[in-house]
Amino acid sequence: MAGPEADSQFQFTGIKKYFNSYTLTGRMNCVLTTCGGIAQLVLYFKLRPKKTPAVKAS
Amino acid sequence: MNENLFTSFSTPTLMGLPIIIMIIAFPALLYPTSNRLISNRIRTLQQYLINLILKQMMAIHSPKGRTWSLMLMSLIIFIASTNLLGLLPHTFTPTTQLSINLGLAIPLWAGAVILGFRYKFKTSVSHFLPQGTPILLIPMLIIIETISLFIQPMALAVRLTANITAGHLLMHLIGAATLALFSISTSTALITFIILLLLTMLEFAVALIQAYVFTLLVSLYLHDNT
């Protein structure tokens, strides 16, 4: 299992430094981003205004 | 027939009052306590057995995990003694009730998970993504790992319930079959009786093994989070 002492063996650059599936930080950021994205999707669908159809005059 | 098969699993009452609390508390009466350092033979044997299980189970834990020793030992002794007492005829076994097993599993699992998030947040969160996962699979795997985390307490409770309930049901059925076959064919009844004996021996083993498995899994969840 990767630990803080094993993270130093991976030398990533750019965005991979923060989002990868090898280091603890990278894995944590991936998980938090995915969970945050799902939470945002759920909130969007829950809070969006519901379109009510216009009532036809009889 | 159907009513007789499941009445042994209904909550017992005495003169209309439920006595389940007394039944759950009863196994504690069977274990003698003493304020002496060295006591009688029964207590020495009891201490030896508890120490044996304790050392084997808590060896892998850090000092933080070992603070749960009393909890885990109480858990294994409670489940083992409840399961074994349930093998006596006409007794009620609390661990056949999913409610009781969920009441054991959920708080212990939640306690371990909350401990992990509280003291080792980065490690706990990174458990949701196995190391070396290909990039395209990351979101799917995180969802799968989240689901598998939340299934853990359910699996703990249902495993214990199903094993004990199934064993008791089988014993009941094969016992009834032995009785029914006795008047029809004595040799067949004898074979069924031998099967019943073997099943009873198996149920003794299952009673102890299920207690060990439950406690071991809780201990492993704790180890992952401490």
Side-chain angles (χ1 to χ4, degrees), chain A, chain B residues 57-68 106 109-154 216-226:
Chain A
M1 188 66 76
E5 64 280 352
D7 280 2
S8 53
Q9 66 179 280
F10 302 106
Q11 305 293 333
F12 292 111
T13 52
I15 197 165
K16 276 201 161 203
K17 191 177 172 188
Y18 301 103
F19 293 95
N20 62 77
S21 61
Y22 291 92
T23 60
L24 269 179
T25 315
R27 284 154 71 196
M28 180 185 79
N29 289 338
C30 287
V31 170
L32 292 174
T33 311
T34 309
C35 292
I38 294 169
Q40 280 181 6
L41 263 172
V42 167
L43 271 172
Y44 168 72
F45 282 106
K46 262 190 151 351
L47 296 174
R48 69 173 176 175
K50 288 188 175 70
K51 292 176 205 167
T52 50
V55 176
K56 282 186 186 172
S58 57
Chain B
M57 195 156 281
M58 305 312 288
I60 56 163
H61 285 273
S62 60
K64 197 170 202 66
R66 285 178 189 176
T67 56
W68 281 48
I106 291 178
W109 165 84
V113 167
I114 289 169
L115 209 66
F117 277 103
R118 169 79 175 81
Y119 291 107
K120 287 166 77 174
F121 181 74
K122 206 188 243 188
T123 316
S124 297
V125 172
S126 60
H127 275 149
F128 286 96
L129 181 61
Q131 199 185 15
T133 309
I135 296 171
L136 290 171
L137 290 176
I138 286 175
M140 194 183 72
L141 221 54
I142 289 171
I143 294 168
I144 289 170
E145 288 288 326
T146 311
I147 294 168
S148 76
L149 178 76
F150 284 100
I151 275 185
Q152 281 173 354
M154 304 298 142
L216 184 71
L217 283 169
V218 171
S219 152
L220 284 174
Y221 299 153
L222 178 69
H223 180 63
D224 283 343
N225 288 292
T226 49

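Not measured: the values here are computed from a predicted model. In what follows, every chain begins at residue 1, and chains take the letters A, B, ... in the order their sequences are listed.
- Using a 4.5 Å heavy-atom cut-off against chain A, the contacting residues of residues 141-149 of chain B are Ile142(B), Ile143(B).
- Between Trp68(B) and Met58(B) the shortest heavy-atom distance is C-CE, 4.3 Å.
- Side chain of Lys120(B) to backbone of Asn225(B): no donor-acceptor contact under 3.5 angstrom is found.
- By the 4.5 Å heavy-atom criterion applied to side chains, Met28(A) and Thr23(A) are not counted as neighbours.
- Of the two parts of Thr34(A), only the side chain, counted from C-beta on, holds a non-hydrogen atom closer than 4.5 Å to a non-hydrogen atom of chain B.
- Here Phe19(A) contributes atom CZ and Ile135(B) contributes atom CD1; the two are 12.0 Å apart, rounded to the nearest 0.5 Å.
- Counting heavy atoms from C-beta outward, Leu220(B) and Ile60(B) have side chains that approach closer than 4.5 Å.
- Side-chain N/O atoms of His61(B) and Ser219(B) include a donor and acceptor closer than 3.5 Å.
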